[in-house]
Amino acid sequence: MLSVSLTVNGRPVTATVEPRTQLCELLREDLNLTGTHVGCEQGVCGACTVVVDGKPQRSCISYAGDSDGCSVITIEGFDDDALMEQLRDAFSRHHALQCGFCTPGMLVTARDIILRLGETGAARIREELSGNLCRCTGYVGIVEAIEEVSKGKVARAPQTVVAAIEGTVAVRPVDAPMKPAVPPNRPAAPTASAGVGARKGWSSIEQRLAVGFPPEIVWNRLSDIRQVSFCLPGAEITELQDDRVRGRMNVSLGPIKVALNGDGNVLLDAENRIGRLSGRGQDAGSGSSAEGEVEWRVLPGEASGSLILVNLSWRLSGRLAQFNRAGIVQDVIQRLASIFVTNLESSLKGEAIDETSIKPLGIWSLMLGVIRIRVARWRGRNA
Ligand code: FES
Ligand code: FES
């Protein structure tokens, strides 16, 4: 069991949770904040969206243990929020809800859209709402309501999410003590990755992963692409020759099931401990395709451990493109990163990797995964 201390709707909360406890479970079952709805439980519908440290997050694919030290705001916490009041009123006037199941998540997302973008139009609102599903309304009223409330509003500067999605997710083990994953004086990200996300039509995200093994050991493992692939959810390398790699990736996110076949190039700079994989894949059935690049750099971390800086960039088309949105991407990547760190550490320790952790989780693991594996029994170590 883990002890977590966080702030929920401005109130300090301390709870004892299991490592597998979802944040939504803690909110609904332990704190009785049932305004957070749970639909798909796999990060697709958006009904469970809450605000964590200022950003919308899917509480069904967030571990309660990862929320230690965080500030969480649920729909109940916006009772006195002026912008939310305008949104509630507009939703009501525009008939933007029927059964109301999606509404808490819609409102939380709508508020974030307006704060980030200020005044905006229907097309952009629809794009931003692509991670929130409504089975009743047909979305017209929802979009109209948000557009109306956005009128005259100014974006909160600076915008952290723009057309080319960019973001940073700090990942720490579920049961690690609350501390920054990266020391404040951390080394700069590798310059080779600068500008990757700025490519037209591409999105990018940066990850910083703390691992409890020295850099040389971590680098050796991350240089072995075939071994690493064993820890990739849904990934399989079928051919590896010099710097060329061929493989397949099964993507399963809620209703989206795609089998991407593709190839890519691997570049490894052992001297600087920098690796890069770029590739593309195609799913004949759905017509979805993905291009991606991942660059990783292994640096000395805290307490003789390592810090892995990862920069992911990608471009999606076809059915997969609906996941090309910051909220979903960050949530899924955060989940995947936790699995990655766990699997990598297990692998480094010579432990078996938990089979349930390597089932297909998402396209992001195709890119993140090439440098992944792990899974440490942090629980066992800290028990
Ligand atoms: Fe969390 Fe559907 S319940 S996204
Ligand atoms: Fe029923 Fe959206 S109002 S799901």
Side-chain angles (χ1 to χ4, degrees), residues 164-165 190 192-193 195-207 219-253 256-270 272-298 308-324 329 332-333 336-337 339-340 343-344 347 353 358-374:
I165 301 161
S193 63
V196 166
R199 279 183 286 188
K200 193 165 176 10
W202 284 61
S203 306
S204 72
I205 195 165
E206 185 180 272
Q207 294 256 300
W219 170 255
N220 283 344
R221 182 52 49 98
L222 294 181
S223 309
D224 188 340
I225 300 299
R226 204 178 275 283
Q227 272 217 47
V228 168
S229 70
F230 292 134
C231 294
L232 285 185
E236 184 187 352
I237 288 181
T238 55
E239 204 179 314
L240 181 60
Q241 194 166 25
D242 301 325
D243 63 345
R244 300 286 302 165
V245 58
R246 287 192 66 79
R248 64 178 68 95
M249 180 77 203
N250 293 308
V251 179
S252 179
L253 271 177
I256 304 293
K257 294 196 185 346
V258 183
L260 290 165
N261 284 287
D263 53 19
N265 277 74
V266 186
L267 290 173
L268 298 173
D269 175 355
N272 296 303
R273 297 193 188 116
I274 297 176
R276 185 183 299 143
L277 171 84
S278 53
R280 66 192 64 211
Q282 193 103 30
D283 174 57
S286 68
S288 291
S289 64
E291 291 175 81
E293 181 173 293
V294 58
E295 183 180 278
W296 64 97
R297 181 173 189 173
V298 182
I308 310 172
L309 302 184
V310 184
N311 193 294
L312 301 157
S313 57
W314 67 88
R315 182 166 59 183
L316 304 176
S317 64
R319 282 161 57 189
L320 281 176
Q322 70 173 284
F323 290 102
N324 216 3
V329 173
V332 173
I333 285 188
L336 288 170
I339 295 171
F340 167 62
N343 286 340
L344 177 59
S347 167
I353 291 170
I358 57 174
K359 62 187 182 189
L361 272 175
I363 179 61
W364 323 111
S365 56
L366 172 62
M367 299 165 263
L368 210 209
V370 178
I371 36 174
R372 87 188 28 195
I373 298 202
R374 135 354 104 131

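Being a predicted model, the structure only gives us computed values, none of them experimental.
With rounding to the nearest 0.5 angstrom, the CG atom of Leu268 is 11.0 Å from the CZ atom of Arg276. Atom CD of residue Gln282 and atom CZ of residue Arg248 lie 15.0 Å apart, to the nearest 0.5 angstrom. With values rounded to the nearest 0.5 angstrom, Ser278 atom OG is found 9.5 Å from Asp263 atom CG.
In this structure, the side chain to side chain donor-acceptor pair (under 3.5 Å) partners of Asp269, at least two apart in sequence or on a different chain, are Asn272. Legend: residues meeting side chain to side chain contact (heavy atoms under 4.5 Å, CB included) with Glu239, ordered by chain and number and at least two apart, are Gln241, Arg246. Scanning for side chain to side chain contact (heavy atoms under 4.5 Å, CB included) contacts around Asp243 gives Asn265, with sequence neighbours left out.
Of all heavy-atom pairs spanning Val298 and Trp219, the tightest one is CG2-CE3, 3.9 Å. The minimum heavy-atom distance between Ile225 and Leu222, with the atom names listed, is CD1-O, 4.0 Å.
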